[in-house]
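Numbering of residues begins at 1 and proceeds along the displayed sequence.
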Amino acid sequence: MRAVATAKASAFDPLVAETALRGLAAPRKTLPPHLLYDPEGCRLFEAITTLPEYYVTRTELALLRQVGPELRARIGRGASVVEYGAGSATKAALLLSALEAPAAYVPLDIAEGAVKASAREIRARFPAVAVHPQVCDFNRRIALPPLPAPLLGFFPGSTIGNLDTEAALAFLGAVRASLGQGARFLVGVDLPKSPAVLIPAYDDAAGVTAAFNLNLLHRLNREAAADFDLARFSHQAVWNVAESRIEMHLRSDTAQSVSVAGETIHFSAGESIHTENSYKRAPEAFQAMARETGWRPEAVWQDPQGLFSLHLLAA
Ligand code: AVI
């Protein structure tokens, strides 16, 4: 009993508790999406990427394979690849194999484990490539190590879709500043499409995305001294056509009160916590954002079904 109490106490994270309280005290309750990615959330997200309904990952991988020869010709020999976020090394490996004699690979992520795992895998597969892992918040301006030109930034997976317009513009501008003149940026961007495709992609039949979203409440129970009853909340995926985004919510099925870090949070029946946005941007919309931040759109590719796009931007 004592051991359990000690383990529970040591899991409390004041930053998580403070962040959660701020979002839950707002008139429209929200929780920031980065809280979805504790170790269990990362495991569940990996499982999402293999679901039949989640077209994003397999479509982007196929597109990367398809455009490899054209990328090789456009980028040239001896490039340094800087990857923003280092979730899985599969896409980086695909890109490095497509390029001619790549010189360096720099995985950037706030999660040390992800950066190290990615670095290990790339070192093993590409012994001639210099690997410089860096643990940092890539949403802020970062100082890169000296790297051989040409520089190619890489931001796959439509992770840019999890940023609202203001944050996406700030991010594109910061990348432009850190990579510098002459660099390129390869970005995966999910496309707007029918809700008949989008909703199942974010609310799959096996319930993996629901588990991913609800895991956030588990995390708050552990790290923010909360007492959410997960059986009284449901996962919801909503297509917001006006904003061109999928929204994930956790809906309170009943009126209830929950304790979070000593504060009481009230929920009315049907009230929801907004946990994530996933913006779907048409090529022209994304290119306009790129131009606004000093990038020149160089090329854009789409799969034959028009599900997903890859943009190549030039500084
Ligand atoms: C990480 N990101 C691009 C995913 C997406 O599609 O927006 C996160 C996700 N959320 C639910 N399913 C996948």
Side-chain angles (χ1 to χ4, degrees), residues 44-75 83-85 87-99 152-165 168 172 184-210 212-213 235-248 276-290 295 297-313:
L44 287 165
F45 177 66
E46 279 308 306
I48 288 173
T49 64
T50 65
L51 291 170
E53 296 97 329
Y54 194 73
Y55 57 86
V56 172
T57 311
R58 65 171 178 277
T59 310
E60 186 179 45
L61 283 168
L63 202 49
L64 264 173
R65 273 186 205 103
Q66 184 202 314
V67 306
E70 193 178 336
L71 266 177
R72 181 185 176 92
R74 284 182 182 271
I75 304 299
E83 182 171 8
Y84 294 81
S88 112
T90 316
K91 291 174 195 169
L94 205 53
L95 177 59
L96 290 167
S97 320
L99 298 174
L152 174 63
F154 185 39
F155 196 40
S158 200
T159 306
I160 198 154
N162 298 129
L163 303 178
D164 65 22
T165 305
L172 286 167
R184 314 287 236 304
F185 194 22
L186 183 65
V187 191
V189 180
D190 198 12
L191 294 167
K193 59 186 66 65
S194 163
V197 176
L198 283 167
I199 297 292
Y202 289 84
D203 192 3
D204 56 284
V208 183
T209 312
F212 171 67
N213 201 10
H235 165 69
Q236 273 190 320
V238 177
W239 172 236
N240 182 332
V241 66
E243 297 287 345
S244 195
R245 70 186 189 206
I246 280 281
E247 298 176 359
M248 287 210 314
E276 188 185 58
N277 288 319
S278 191
Y279 285 84
K280 311 301 171 189
R281 296 186 171 111
E284 318 73 56
F286 183 72
Q287 288 181 339
M289 289 170 64
W295 290 102
E298 181 176 326
V300 56
W301 300 277
Q302 288 184 28
D303 61 293
Q305 287 175 276
L307 294 171
F308 197 85
S309 64
L310 268 178
H311 286 259
L312 184 65
L313 310 176

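What you find for P283 and V300 is that their closest heavy atoms are CB-CG2, 4.4 Å. Across all their heavy atoms, A205 and E53 have their closest contact at N-OE2, 2.9 Å. Pairing each heavy atom of L191 with each of G306, the nearest pair is CD1-O, 3.4 Å. Counting all heavy atoms, side chain and backbone alike, P69 lies closest to Q66 at CD-O, 3.6 Å. Here the closest heavy-atom approach between residue N277 and residue N162 is recorded as O-ND2, 3.0 Å. Closest of all the heavy-atom pairs between M289 and A168 is CE-CB, 3.4 Å.
Comment: E247 engages R245 in a salt bridge, judged by a side-chain N to carboxylate O separation of less than 4.0 angstrom.
The closest donor-acceptor contact from the side chain of E60 to the backbone of G157 lies under 3.5 Å. For the pair K91 (side chain) and A89 (backbone), a donor-acceptor distance under 3.5 Å is absent. Side chain of S158 to main chain of V189: no donor-acceptor pair is present (N/O by atom type, distance under 3.5 Å, no hydrogens or angles). A donor-acceptor pair under 3.5 Å is formed between the side chain of R184 and the backbone N or O of R74. Without hydrogens or angle criteria, S278 side chain to I246 main chain gives no donor-acceptor distance under 3.5 Å. In terms of modelled atom types and a separation under 3.5 Å, the side chain of T49 and the main chain of E46 share a donor-acceptor contact.
For E298, the CD atom is densely surrounded, since the number of other residues' heavy atoms within 6.0 Å is greater than 12.
Defined by atom type and a distance below 3.5 Å, a donor-acceptor pair is missing between the side-chain atoms of Q287 and W295. Side-chain contact check for T59 and D303: no donor-acceptor pair (N or O, by modelled atom type) lies under 3.5 Å.
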Could you walk me through whether F185 and H311 pass the side chain to side chain contact (heavy atoms under 4.5 Å, CB included) test, one step at a time? CA-CA 8 Å; F185 194 22; H311 286 259; over 6 Å; no
Between L312 and L71, is the side chain to side chain contact (heavy atoms under 4.5 Å, CB included) condition met? List the steps. CA-CA 9 Å; L312 184 65; L71 266 177; 4.3 Å; yes
Chi angles and distances behind the side chain to side chain contact (heavy atoms under 4.5 Å, CB included) call for L51, R58: CA-CA 10 Å; L51 291 170; R58 65 171 178 277; over 6 Å; no
For side chain to side chain contact (heavy atoms under 4.5 Å, CB included), just list the numbers for M248 and Q236, CA-CA rounded to whole Å, side-chain angles, deciding distance to a tenth of an Å, and then say yes or no. CA-CA 6 Å; M248 287 210 314; Q236 273 190 320; over 6 Å; no
May I have the step-by-step check of ring pair (Phe, Tyr, Trp, His ring centres under 6.0 Å) for F286 and Y279, ending in yes or no? CA-CA 11 Å; F286 183 72; Y279 285 84; over 10 Å; no
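Within the 4.5 Å cutoff, no side-chain heavy atoms of V187 are placed close to those of L310. V197 has its side chain out of reach of W239: every pair of non-hydrogen atoms, C-beta onward, lies at least 4.5 Å apart. The side-chain heavy atoms of V56 and F308, taken from C-beta on, include a pair separated by under 4.5 Å.
Here OG1 of T90 is found 12.5 Å from CG of L95. Values are rounded to the nearest 0.5 Å.
With ring centers used as reference points, F212 lies 6.0 Å or more from Y202.
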